[in-house]
K.L.:
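Handing you a structure now.
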2 protein chains.
Amino acid sequence: MRSVPNGVRARARAETTRAILDEARRQLAEHGAAALSLRSVAREVGMVSSAVYRYVASRDELLTRLIIEAYDAVGERAEAARDPAAPPREQWRAVWRAVRTWALEHPSEYALIYGSPVPGYAAPAETIPAAGRTALVLVAIIAEHGTPPDDDGDDGDADVLEDDVLPGLPPALAIPAVAAWTQLFGTVGFEIFGQYQNVVRDREAFLDRVADEAATAVGLPAEA
Amino acid sequence: MRSVPNGVRARARAETTRAILDEARRQLAEHGAAALSLRSVAREVGMVSSAVYRYVASRDELLTRLIIEAYDAVGERAEAARDPAAPPREQWRAVWRAVRTWALEHPSEYALIYGSPVPGYAAPAETIPAAGRTALVLVAIIAEHGTPPDDDGDDGDADVLEDDVLPGLPPALAIPAVAAWTQLFGTVGFEIFGQYQNVVRDREAFLDRVADEAATAVGLPAEA
DNA sequence: ACACGGCGAGAGCAGTGCTCTTGACTCTGA
DNA sequence: TCAGAGTCAAGAGCACTGCTCTCGCCGTGT
């Protein structure tokens, strides 16, 4: 039996990798994505730059890992914020607020995932599932409590979205759902990126209003 | 009389400046903002890197100029797309589509102004007016044709937005207007930044739906 | 006619991502 | 037990970046 043999190596490797990622995230938070430098990460972790390449293939791969971690972090927050026992609109608002709070706490990471893609860098496919996590929380609320509007649309809606997204959602709510998801990140993004300077004063209140408007659009019942 | 004297220098200067900006925009479009390099701009324009510093103070200032030009470009498109004689919702939709079209044609420039701010770079104040240009087109349509909803809100709205933004808009429409403006760029941004991959198939149709929803929210009369 | 000032060129500094080679260290299988 | 395989940190080096400073050229305004 190979008591620890390979294990000790694997463990050391995992720890070093963790240290690199942590330091990278620290620098990302402090100086932004563009200023993230493999060399300075290496310096801070206490090794020479070339050694880092044993753990992460390239700067881009490092970014990819940070992106996935960030998606997961928002998603987790969103999931945690939702109390399935609470009234629908309260769940809804809690999730919107949670996303905003996370974004304010981690603006650089938010920019990394919802801002312009780092140029010359195409987000690889493995980020897609992580990206959907937050959206699924919204969809879950809608699926459970949303009721489609009375006025039937013009039925052209069927081809607008991809098939099989938004499982368990009434078709008439699919487009409003995607619109609401967009609105959430659009609003938070505008705040984070400074577009609301000289425009919106009370951003939290504003987000609540927008969330409420969106809640109506996806057919959540009015507040008690 | 100083026939051409100062004029000839000034002209040469203006031409060189133009050439630098044009080449910079070309490289921005081709490789993205982060890959924009003063040295390579200089190389392409045919001078040495240090010389371009006579025309632009820094890479950041170059970016600032490109940002302002980009804001103006979308704004101009939006203004041109609006036919004040057309039915309100048609005007509205035309503006939304125009913004989307411009964004699809100039994704890098769109990313520059509506994506994450280039890290380590704070957009200076002089970009703010240019940024508002597109918004004003939307506001104009709302101001002329929007009617506030019947259900009076809870009046807390007064403090949410800054004073004096959105001139000539009924207070009850102010928040929906900002929300609509946000929704427009949120939706276009999500498309440009690839967030709709595997989600939205027909993006133009989707934008139309969202625009229509937003039009209702800001009280534009229903289509004839 | 002349001094000033704008201009382009070049060298140079400090930093970057990334590659390749070298030497040491550790774990493993016979 | 011990040689060989595999892994690792380190260093040098390449090509690139933003930016500064100094040097001469030459048009310009007085």
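Here is how names work: the chains are called A, B, and so on, in the same order as the sequence lines, proteins then strands, and each is numbered from 1.
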K.L.:
Do A:Val165 and B:Asn198 make a side-chain contact, defined as non-hydrogen atoms from C-beta onward lying under 4.5 Å apart?
P.N.:
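A:Val165 vs B:Asn198: side chains apart.
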K.L.:
Send over the distance from A:Arg59 CZ to C:dG15 P, rounded to a whole Å.
P.N.:
17 Å
K.L.:
Could you please name the option among C:dG8, C:dG12, D:dA9 that lies closest to any side-chain atom of B:Tyr55?
P.N.:
C:dG8
K.L.:
On the 0 to 90° scale, with breaks at 30° and 60°, tag the B:Tyr71-B:Tyr114 ring pair as parallel, tilted or perpendicular.
P.N.:
perpendicular
K.L.:
As a test of reading the structure: which of C:dG17, D:dT17, D:dA10 is closest to the side chain of A:Leu38, going by heavy atoms?
P.N.:
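Selected nucleotide: C:dG17.
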K.L.:
C:dC7, OP1 or OP2 - any side-chain N/O from B:Arg13 closer than 4.0 Å?
P.N.:
yes
K.L.:
Can you tell me the distance, in whole Å, between the CG atom of B:Leu62 and the P atom of D:dC19?
P.N.:
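Rounded to the whole Å, the gap is 10 Å.
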K.L.:
To the side chain of A:Arg54, which of D:dC19, D:dA9, D:dA10 is closest?
P.N.:
D:dA9
K.L.:
Select one nucleotide: of C:dC18, C:dC20, D:dT17, the one nearest the side-chain heavy atoms of B:Ser40.
P.N.:
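Closest of the options to the side chain of B:Ser40: D:dT17.
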K.L.:
Would you say a side-chain N or O of A:Arg43 is under 4.0 Å from OP1 or OP2 of C:dT16?
P.N.:
yes
K.L.:
Could you state the CG-P distance from B:Leu36 to D:dG18, rounded to the nearest angstrom?
P.N.:
8 Å
K.L.:
Measuring from the side chain of B:Ser49 (C-beta onward, heavy atoms only), which nucleotide among D:dC19, D:dC8, C:dG17 has the closest atom?
P.N.:
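Of the candidates, D:dC19 comes closest.
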K.L.:
Check the distance between C:dC7's C1' and B:Glu15's CD and give it to me in whole angstrom.
P.N.:
15 Å
K.L.:
Looking only at the side chain of B:Met47 (C-beta and beyond, no hydrogens), which of the listed nucleotides D:dG18, C:dT16, C:dG8 gets closest?
P.N.:
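For the B:Met47 side chain, the nearest candidate turns out to be C:dG8.
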K.L.:
Could you check which of C:dG12, C:dT19, D:dT20 has an atom nearest any side-chain atom of A:Tyr53?
P.N.:
C:dT19
K.L.:
Does OP1 or OP2 of C:dG10 have a side-chain N or O of B:Ser50 closer than 4.0 Å?
P.N.:
no
K.L.:
Where does the angle between the aromatic ring planes of A:Phe185 and A:Trp181 fall among parallel (under 30°), tilted (30 to 60°) and perpendicular (over 60°)?
P.N.:
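Because their plane-to-plane angle is over 60°, the rings of A:Phe185 and A:Trp181 count as perpendicular.
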